[in-house]
Amino acid sequence: MKLFSNARKQIVKSSGFRKYLLYAFGEIILVVTGILIALSINDWSEDKKQEKNLDNILHIFRSDIVRDTTRANFIIKYYKKQDSVGRLALSDTISKTFYKKNGDLQSIIFTGIPLAITKNGYDLLKNYSYDVEIAQDSVVVYGLALYNEINASFIDLNTKIEKDVYENTLNMKENYNFAADMYMRRENQKARDYFKSEDFKNRLALNLQLKAQGAVSLLQGFNTASKILLEKMEKRLNN
């Protein structure tokens, strides 16, 4: 600054006020240009930092999706097995041998696996998407929309399954006295008769409708949509 000040004094003395104005104007241009360059570098640095943070969140979200689809596949397999056993029971094929070989029949209407998503990456992404540019990113939009919808659907179906299981358990507790034999899988004629009754078949059909049809269909749809999301993430993260 002292150098510029001395230069200005020299110009005024030697060349007059007009040339000083031209010099001052040029000096202003240099200062403004320097400020603009500094701001541009700072914006670029912030953009790169934001992009890196988003990539880190997407990596976490991707791991969550892999974990959730693995869990979904397990539940699908479990409910499909229940469905195959349950359908045999509904078709009046319960023999003493069948009853012994398919002990899971006793637990179908009394059990359920909670449907849930892993929210680590989802919550991070949701909180990070306040930025307009990030909020419009196709991967972010698709990922948040999928997990918003599936989370609401899981909560709704969990409530219905929990209610059904509770009512079935309460019915057993209040009206029958062979629960201990069921739990220990001991031979009990009354229990075998119950599993052939219309009451059990009605409860079984409603339970399978919620789990083997409702939950399985929902989870299969989730897996299909998740596969598309993972492909979008791979392209985004590998660019």
Side-chain angles (χ1 to χ4, degrees), residues 53-87 102-130 134-135 137-173 182-183 203-237:
N53 288 339
L54 180 57
D55 284 352
N56 289 336
I57 292 173
L58 289 177
H59 277 291
I60 296 171
F61 196 13
R62 181 176 60 181
S63 297
D64 292 346
I65 296 168
V66 172
R67 187 180 299 110
D68 289 342
T69 52
T70 300
R71 175 180 168 83
N73 286 329
F74 170 80
I75 297 175
I76 289 170
K77 184 178 179 180
Y78 181 78
Y79 281 159
K80 280 187 172 182
K81 181 182 178 182
Q82 285 194 342
D83 187 52
S84 63
V85 174
R87 285 178 181 275
N102 296 279
D104 290 343
L105 174 65
Q106 302 177 44
S107 63
I108 291 177
I109 66 172
F110 305 110
T111 59
I113 303 176
L115 308 178
I117 57 172
T118 307
K119 292 187 175 183
N120 299 330
Y122 167 68
D123 284 342
L124 287 170
L125 192 61
K126 189 167 57 175
N127 294 331
Y128 199 65
S129 63
Y130 64 86
I134 291 175
D137 185 286
S138 61
V139 175
V140 174
V141 170
Y142 188 91
L144 289 179
L146 171 60
Y147 266 61
N148 282 334
E149 182 178 347
I150 202 65
N151 186 49
S153 298
F154 280 179
I155 291 172
D156 179 61
L157 191 53
N158 279 338
T159 301
K160 293 176 180 176
I161 293 175
E162 287 169 7
K163 182 175 183 292
D164 183 70
V165 168
Y166 172 77
E167 290 176 350
N168 292 333
T169 304
L170 186 64
N171 175 63
M172 176 60 62
K173 179 180 178 181
M182 283 176 51
Y183 180 75
R203 291 176 183 276
L204 178 62
L206 292 172
N207 186 268
L208 291 176
Q209 188 174 18
L210 286 172
K211 297 191 297 188
Q213 293 183 24
V216 168
S217 296
L218 182 61
L219 291 169
Q220 287 174 334
F222 169 65
N223 281 352
T224 299
S226 293
K227 183 179 179 181
I228 295 172
L229 177 56
L230 287 172
E231 290 173 354
K232 288 178 176 289
M233 283 185 171
E234 288 298 328
K235 290 180 181 178
R236 167 62 182 274
L237 293 172

Peer 1: Test of understanding: with ring-ring contact (aromatic ring centres under 6.0 Å, His included), list the residues that count as partners of Y122, not counting sequence neighbours.
Peer 2: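 Once residues adjacent in sequence are excluded, the partners of Y122 under the ring-ring contact (aromatic ring centres under 6.0 Å, His included) criterion are Y147.
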Peer 1: Measuring from atom CG of L157 to atom CD of E162, what distance do you get when rounded to the nearest 0.5 angstrom?
Peer 2: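 If we round to the nearest 0.5 Å, L157:CG and E162:CD are 10.0 Å apart.
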Peer 1: What residues, two or more places apart in sequence or in another chain, satisfy salt bridge (Lys or Arg N to Asp or Glu O under 4.0 Å) together with K119?
Peer 2: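 Counting only residues at least two positions away or on another chain, K119 forms no salt bridge (Lys or Arg N to Asp or Glu O under 4.0 Å).
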Peer 1: Supply the atom-to-atom distance L206 CG to I109 CD1, rounded to the nearest 0.5 angstrom.
Peer 2: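 The distance works out to 10.0 Å.
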Peer 1: Can you name the residues that form a salt bridge (Lys or Arg N to Asp or Glu O under 4.0 Å) with R71, not counting sequence neighbours?
Peer 2: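 With sequence neighbours excluded, R71 shows a salt bridge (Lys or Arg N to Asp or Glu O under 4.0 Å) to no residue whatsoever.
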Peer 1: Just jot down the side-chain contact (heavy atoms from CB on, under 4.5 Å) partners of N120, sequence neighbours excluded, or say none.
Peer 2: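 With neighbours one apart ignored, the set is I60, D64, T118.
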Peer 1: So how far is it from L204 CG to I108 CD1, rounded to the nearest 0.5 Å?
Peer 2: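 So the gap between those two atoms works out to 5.5 Å.
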Peer 1: Kindly compute the distance separating CG (L210) from CG (L218), expressed to the nearest 0.5 Å.
Peer 2: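 Reported to 0.5 Å precision, the distance equals 12.0 Å.
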Peer 1: side-chain contact (heavy atoms from CB on, under 4.5 Å) between L229 and I65: does it pass, once the steps are laid out?
Peer 2: CA-CA 9 Å; L229 177 56; I65 296 168; 3.4 Å; yes
Peer 1: Where do K232 and V139 come nearest, in terms of heavy atoms and distance?
Peer 2: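 Looking at all heavy atoms of both residues, the shortest contact is O-CG2, 3.9 Å.
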Peer 1: Could you note down all residue pairs passing side-chain hydrogen bond (donor to acceptor under 3.5 Å, both in side chains) where residues 221-230 supplies at least one of them, sequence neighbours left out?
Peer 2: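 Of all non-adjacent pairs touching residues 221-230, those that pass side-chain hydrogen bond (donor to acceptor under 3.5 Å, both in side chains) are N73-N223.
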Peer 1: What closest approach, in Å, do A116 and D68 show between heavy atoms, and which atom pair accounts for it?
Peer 2: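 Nearest heavy atoms, A116 then D68: O-OD1, 4.3 Å.
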Peer 1: How would you list, by chain and number, every residue that makes a side chain to side chain donor-acceptor pair (under 3.5 Å) with D156, sequence neighbours excluded?
Peer 2: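 Testing D156 for side chain to side chain donor-acceptor pair (under 3.5 Å), a comparison that skips the adjacent residues, returns K160.
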Peer 1: Could I get the full list of salt bridge (Lys or Arg N to Asp or Glu O under 4.0 Å) partners for E234, not counting sequence neighbours?
Peer 2: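 Partners of E234 by the salt bridge (Lys or Arg N to Asp or Glu O under 4.0 Å) criterion, ordered by chain and then number, come out as R62.
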Peer 1: Any idea which heavy atoms bring A72 and L219 closest together, and the distance?
Peer 2: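 Closest approach of A72 to L219: CB-CD2, 3.8 Å.
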Peer 1: Among residues two or more places apart or on two chains, list those pairs meeting side-chain hydrogen bond (donor to acceptor under 3.5 Å, both in side chains) that have a residue in residues 207-221.
Peer 2: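 Output for this query lists Q82-K211, D164-N207, N207-K211.
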Peer 1: Could you pull out all residues at least two apart from K81 that satisfy salt bridge (Lys or Arg N to Asp or Glu O under 4.0 Å)?
Peer 2: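 K81 satisfies salt bridge (Lys or Arg N to Asp or Glu O under 4.0 Å) with D104 once adjacent residues are dropped.
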Peer 1: Taking the basic N atoms (NZ, or NE/NH1/NH2) and the acidic carboxylate oxygens, is any pair closer than 4.0 Å for K163 and E167?
Peer 2: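 So K163 pairs with E167 through a salt bridge.
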Peer 1: If I take atom CZ from residue F110 and atom CZ from residue R203, how far apart are they, to the nearest 0.5 angstrom?
Peer 2: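 CZ of R203 is found 8.0 Å from CZ of F110.
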Peer 1: Would you give the length of the straight line joining atom CZ of F61 to atom CG of L237, rounded to the nearest 0.5 angstrom?
Peer 2: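 Rounded to the nearest 0.5 Å, the CZ-CG separation comes out at 12.0 Å.
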Peer 1: Does the side-chain contact (heavy atoms from CB on, under 4.5 Å) test come out yes or no for I150 and L115, once each step is laid out?
Peer 2: CA-CA 10 Å; I150 202 65; L115 308 178; over 6 Å; no
Peer 1: Measure from the side-chain N and O atoms of D83 to the backbone N and O of A212, and report whether any donor-acceptor pair falls under 3.5 Å.
Peer 2: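 No, D83 side chain to A212 backbone: no donor-acceptor pair under 3.5 Å.
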Peer 1: Looking at every non-hydrogen atom in both residues, tell me the closest pair between L146 and A225 and how far apart they are.
Peer 2: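 Shortest heavy-atom separation between L146 and A225 comes out as CD1-CB, 3.6 Å.
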Peer 1: Of I57, N56, N53, L58, which is the lone residue that meets side-chain contact (heavy atoms from CB on, under 4.5 Å) with L124?
Peer 2: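 Testing L124 for a side-chain contact (heavy atoms from CB on, under 4.5 Å) against I57, N56, N53, L58 leaves exactly one candidate, I57.
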